[in-house]
> 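My structure is below; once you've seen it, I'll send some questions.
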2 protein chains.
Amino acid sequence: MLRAAADFLGRRPNATQDEIARAVGVSRATLHRHFAGRGELLAALEHLALAHLREALDDARLDEGPAVDALRRLVAACEPVAPYLALLYSQSQERDPDEEPAEWADIDARIVALFHRGRRTGEFGPDLTPAWLTDAFYSLVAGAAWSIQAGRAASRDFTQMVTDLMLRGVSRP
Amino acid sequence: MLRAAADFLGRRPNATQDEIARAVGVSRATLHRHFAGRGELLAALEHLALAHLREALDDARLDEGPAVDALRRLVAACEPVAPYLALLYSQSQERDPDEEPAEWADIDARIVALFHRGRRTGEFGPDLTPAWLTDAFYSLVAGAAWSIQAGRAASRDFTQMVTDLMLRGVSRP
DNA sequence: CTCGTGTGAGACGAATTTGTCTCAAGGTGT
DNA sequence: ACACCTTGAGACAAATTCGTCTCACACGAG
């Protein structure tokens with residue numbers, strides 16, 4: 001149910017609760033019984049996305065093996081969460097920047113740590129800061145999700161699109 | 001005036017026209033005299049962004065010299081437009097995908113052509129498609145603009161952040 | 001069968017937002 | 001001084017959206 005709501009809100013961030021309910025397949029009354037108001041729905045969505053994302057980070061084992069491989073695993077593990085991320089990425093702009101839940105801090109810290117480790121071991125170049133690489137990672141994941149949703153890219157290319165760009169940019173293999 | 005509206009809408013995409021007017025520094029009546037309704041304002045904003053972006057593309061001379069240098073010039077020229085792009089990038093989700101003005105087709109085509117050229121000359125690797133590289137370029141420009149606006153990155157690092165990531169990813173120079 | 005539960009449909013008022021109007025104030029050029 | 005234009009402030013109705021309530025219907029468990 002949240003899945004359908006996420007898909008729909010990804011396309012129409014400002015949709016009415018009436019539209020959301022119809023898109024999900026329930027009546028507005030039922031939607032309001034489960035989530036009282038748009039805020040609760042967004043919160044539930046964020047909670048679900050955070051849970052999936054945490055699980056993805058656990059599966060990726062970011063602190064094991066070469067950082068390059070860990071980054072590959074990270075992108076691959078994030079693929080199912082990408083639509084949620086894209087949604088929250090667009091909604092995050094219209095929220096007070098200081099009221100964002102502290103649960104994001106964990107996630108951010110783990111990804112930042114990966115880029116720090118790669119820089120320390122010399123696998124990653126020293127020019128780009130881990131903070132920017134983390135933001136760029138989010139942007140690329142969300143951008144790839146949008147490209148796929150818009151039909152400009154194939155869903156099965158997600159991992160390669162993001163990993164190749166993160167690892168080598170446009171340069172030759 | 002549009003500049004102020006863009007800055008404010010970048011932070012609060014769902015702001016009331018009252019809030020927009022106050023942020024711009026005029027009364028709601030005056031704002032409504034210039035742009036009848038939110039739609040016209042967004043359209044004007046998009047028009048302005050398109051004009052700036054076209055000018056940036058002209059300045060970048062994407063079809064001259066090595067594609068790598070052209071990409072560098074492109075990013076540098078896009079820096080002033082980045083906040084506009086970030087705004088439209090978030091607003092574009094809530095619009096019918098087929099009613100988007102054809103003016104974007106020009107811009108997209110020129111950027112896609114750059115990546116095509118780089119791939120043809122062998123400067124860019126053959127794995128990533130020009131279409132995805134274009135989307136990724138937009139994502140990174142918008143992401144960098146958000147990072148800067150959020151205070152996580154310095155404004156003067158914009159060009160290097162985006163170009164380094166596009167050209168080499170995380171790998172060493 | 002009967003009860004309880006969950007759902008859909010609809011109606012209602014409240015709050016918000018928007019478009020429009022009027023009027024007074026301020027500035028400009030003649 | 002005078003006409004002219006723009007703006008700010010406020011009021012007003014219309015439209016939209018949201019929260020809430022009621023009622024009828026379906027469905028499974030006992």
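The structure presented is a predicted model; accordingly, all values stated were derived computationally and were not measured. Order of the sequence lines sets the chain letters (A, B, ...), proteins ahead of strands, with each chain counted from 1.
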> Could you tell me the separation between the CG atom of Leu41(B) and the NE2 atom of His32(B), rounded to the nearest 0.5 Å?
11.0 Å
> Along DNA chain C, 5' to 3', what are the outermost nucleotides having an atom less than 4.0 Å from a heavy atom of chain A?
dT7(C) to dA11(C)
> Less than 4.0 angstrom from a charged side-chain N to a carboxylate O is my criterion; do Asp58(A) and Arg110(A) meet it?
yes
> Using only heavy-atom distances, determine whether the side chains of Tyr138(B) and Asp108(B) contain a donor-acceptor pair under 3.5 Å.
yes
> Verify the distance criterion only: is there a donor paired with an acceptor across the side chains of Ser139(A) and Tyr89(A) at less than 3.5 Å?
yes
> Between Asp135(B) and Arg152(A), does at least one N-O distance fall below 4.0 Å, as a salt bridge requires?
yes
> Reading nucleotides 9-28 of chain D 5' to 3', which nucleotides get B (base under 4.0 Å from a protein heavy atom), which S (sugar-phosphate only), which -?
B-B-----SBBB--------
> As a test of understanding, state which of Arg11(B), Arg12(B), Arg38(B), Arg28(B) forms a salt bridge (charged side-chain N to carboxylate O under 4.0 Å, His left out) with Glu19(B).
Arg12(B)
> Once you apply a heavy-atom cut-off of 4.0 Å, does Gly39(A) come out as touching a base, just sugar-phosphate, or nothing?
nothing
> Are the aromatic rings of Trp132(A) and Phe137(A) close, with centres under 6.0 Å apart?
no
> Verify the cluster assignment for Val112(B) and Leu50(B): are they in a single hydrophobic cluster under the rule of side-chain heavy atoms below 4.5 Å apart?
no
